[in-house]
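The structure under discussion appears below in the form of structure tokens.
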Amino acid sequence: MATATAVDARIGTARAALWLFAAVLAVRQAAAVLTLPPGERLLDLGSWTGENGVLHVPGSLYDEGRFTGTPFTGLVLRPLAGSAEQGLGVAWTFGTLLLVVLVGLVAARALPAPVSRRSTVLAAPVAISLLMLSLPVRNSFHLGQTSVIPVLLVLLGCLAVRGERPAGLLIGIGAALQPTVLLFAPLLWYTGRRRAAVTSAGTFAALSALAWAAMPGDSWTYWVHHVAGAGLGESPDSLANQSLHGALLRFGLQGGPEIAVCLLLAAVVVFLGLRRAIRYAHDGQLLLAVALTGCVAVAVSPTAWQHQLLWVLLAVAGRVGKRASDRMLWPVLVVLAITLPGKMLLPNVTVLHPVRDNALLVAALAAACAVPFLPIGSPHFRRPVPTEYAAPLPARWGRVPLLPFWRRVLSRPNLLLELLVIRVGYSVYSLIRAAATGSVAAAEEHGRQIHSAEAALGIDIEHWVNQAVVRTQWAEAFFDFYYTSFHFTVPLAVLGVLYVRRPSDYRWARTSLAFATLLALLGFWLYPLAPPRLMPGMGFIDTVHGPQDLANPDYGAMTAVTNQYAAMPSLHFGWSLWCGLVVVLLAPKLWMKLLGLLHPLFTVCAIVATANHWVLDAAGGAAVVAAGFGLTHVLAGPRQLLVPAKSVPAARSHADVGSRDADGDGKKVTAQSA
């Protein structure tokens, strides 16, 4: 009873925290729109703004090419012509906010059974938070779009309302607002809701005919001249159009061949996607079936702008993977694709551009046609193969409440998920580092402070080393090469070897490196520092980047590459020191340990010789690395682990367990690898 009460208390606390987080996101989203000047918010509605800020619809809806909705959408919005833009903006923003909350509530209530009590309690705030963070919702707020309405109507029609006719009526209205929603009619038909399917098709036809009768010119422009909206708004080959049509145009296909290929691919996607959606609907996963049908609609639509891609996020309802360690891969992939731009997900490598530029389309196609979602009848649907954990050895912090608060895992993490998280983490780090800029005067003043401190300590050797290297051609070439070549490759190589050979040590080392990097960002924010090469009047020579124009605050092209004042602490040295320490701790041979120590030694010489860092910058890098290892120790316990006896064979299979000493009910995993 006491255990159940404690669990209920933790769930209640988590629920309150998640609802607070969702509320903060909602307020932040509304404030981000309403604090903008009138001409910079609700841009699509702004296309109707006339004199004195009053909305009106002069001439055709499509004269300016900015309105992309159906004629029926324009017919519905015409009554707003007498409203003032400012008042409508407030009402529109809070109305959109309410719609998003309703979408989250309906989706959370439609999770397929069996659902744990924890999932039932936490699903709604998690769903609303993810919606608020997603690109489609953020675009809908900013542009003043109606794209949330069709999604809500379909969810209500398929999951909430009772009765065939009301459901069909709601979906038909959604199709009149967004024509590809009509693909839900076959889903209804083949899942036994034939009256709802007929009603939805009839409602769509009736409302479209009504709009045609009221606005024949606009209807002709939309349905015939632009083929259901194709070509309206932005250029159809822009990255914003995440449909098969847009992707084929970006690949260079034009005219008849592009149309033929697009129709063929669309037919295949519709067949495969709807067949899978129908199968999952019969399996009892109706929310997943709705999400897959929406993903099909995204792919085959002539234009699928970002604000119309909310269906992709709903695909997180499906469960993928038999092992618990793989279960989070699909949700994380979808959430990252729907919340971050493609350039943050994948590096700027030419071969990856087709995936990077079409990330949302790839996610929609994968969900609709390829991802092997588990059926409810699978033994792993509710109970995946559990992850093996090991208890940490006793530590001095073990008596402190909540410390260490996470359990160490014996097996290696999912590789794709790990690579994605590392890539996104580095992208976020790069953005924060670039944004942590200070004034030129402050950075140079801090540079003089560092130089004075070094002079007082007798370690101001940067100028002497820099000039000596410049006079020695082979030394300059060596240190320039070392500075530019090994900063990323060596840490990645160390992580790669640990991932393959020492999974539990990989997690420990990766976490300590992440903490060190996060702490370094604080230094960049709080103490912008000009490196020696950017200090005027001191005579340093930038051997790596060439002469810099110190009269120009931007310092030339290098400013576009990185933040020139993110020098304290030096992560060039910090990361190299992390590599050296990991190798010393884990390498089985003495010569390997000695070789590992050469990397931080050469790195500190390189950063000083090339005038890219002060000596104290290296000391700062060492400090954040020490703090990273310390935080990992405090939160996760020491590196050595206690493995339950029954887990030893599994641990050995991962080449993670070496010599063991009996220790009560468990066995001690030492630093030696098998």
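One is the number of the first residue; the rest follow in order along the sequence.
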Under a 3.5 Å distance rule, please check whether [X] uses its side chain to pair with a backbone N or O of [Y] as donor and acceptor.
X	Y	result
Arg138	Leu133	yes
Arg276	Phe373	no
Asn414	Leu417	yes
Asn241	Ala304	yes
Thr203	Thr199	yes
Ser134	Leu131	yes

Contact summary for [X] and [Y], nearest pair of heavy atoms:
X	Y	answer
Asp357	Arg250	O-NH2, 4.3 Å
Pro112	Gln285	CB-CG, 3.9 Å
Gly321	Leu374	O-CD1, 3.4 Å
Ala124	Leu105	CB-CD2, 3.9 Å
His282	Tyr190	NE2-O, 3.2 Å
Val269	Val296	O-CG2, 4.0 Å

Task: Trace of the side-chain contact (heavy atoms from CB on, under 4.5 Å) decision for Gln29 with Leu97 - done: CA-CA 9 Å; Gln29 191 62 260; Leu97 186 63; 5.5 Å; no

Open item on the list: Please determine whether the number of non-hydrogen atoms from other residues, nucleotides or ligands lying under 6.0 Å from atom CZ of Arg109 exceeds 12.
Closed with: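 Check fails, neighbour count at 12 or below.
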
Open item on the list: For Arg279, I'd like to know if atom CZ has over 12 heavy atoms of other residues, nucleotides or ligands within 6.0 Å.
Closed with: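 Yes.
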
Flag side-chain contact, heavy atom, 4.5 Å: [X] against [Y]:
X	Y	value
Trp223	Ser208	yes
Thr339	Leu135	no
Gln242	Gln308	no
Val126	Leu18	yes
Gln254	Leu249	yes

Task: Intermediate values then yes/no, side-chain contact (heavy atoms from CB on, under 4.5 Å), Val261 and Leu244 - done: CA-CA 9 Å; Val261 173; Leu244 284 171; over 6 Å; no

TODO: Go through the side-chain N and O atoms of Thr93 and Thr96 and say whether any donor and acceptor fall under 3.5 Å apart.
DONE: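 No.
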
Open item on the list: I need the single residue from Cys262, Pro257, Ser243, Pro236 that forms a side-chain contact (heavy atoms from CB on, under 4.5 Å) with Leu248. Which is it?
Closed with: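 Result: among Cys262, Pro257, Ser243, Pro236, Cys262 is the only option passing the side-chain contact (heavy atoms from CB on, under 4.5 Å) with Leu248.
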
Open item on the list: Consider side-chain contact (heavy atoms from CB on, under 4.5 Å). Of Leu345, Val349, Val362, Leu346, which one does Arg356 pass it with?
Closed with: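 When Leu345, Val349, Val362, Leu346 are each tested with Arg356, the side-chain contact (heavy atoms from CB on, under 4.5 Å) holds only for Leu346.
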
TODO: Enter the distance from Ile422:CD1 to Leu419:CG here, rounded to the nearest 0.5 Å.
DONE: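 Reported to 0.5 Å precision, the distance equals 6.0 Å.
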
Open item on the list: Please evaluate residues Leu155 and Leu314 with respect to the criterion side-chain contact (heavy atoms from CB on, under 4.5 Å), reporting the C-alpha separation (whole Å), side-chain torsions for both, the decisive distance (0.1 Å), and the verdict.
Closed with: CA-CA 10 Å; Leu155 290 177; Leu314 297 179; 4.2 Å; yes

- [ ] May I have the step-by-step check of side chain to side chain donor-acceptor pair (under 3.5 Å) for Thr70 and Thr73, ending in yes or no?
- [x] CA-CA 5 Å; Thr70 64; Thr73 304; 2.9 Å; yes

For residues 157-185, which side-chain N or O atoms pair as donor and acceptor with protein atoms under 3.5 Å away, sequence neighbours left out?
from   : atom 1 : to     : atom 2 : distance (Å)
Glu164 : OE2    : Arg193 : NE     : 3.4

TODO: Go through the steps to decide whether Val334 and Trp330 satisfy the test side-chain contact (heavy atoms from CB on, under 4.5 Å), and finish with yes or no.
DONE: CA-CA 6 Å; Val334 172; Trp330 172 246; 3.4 Å; yes

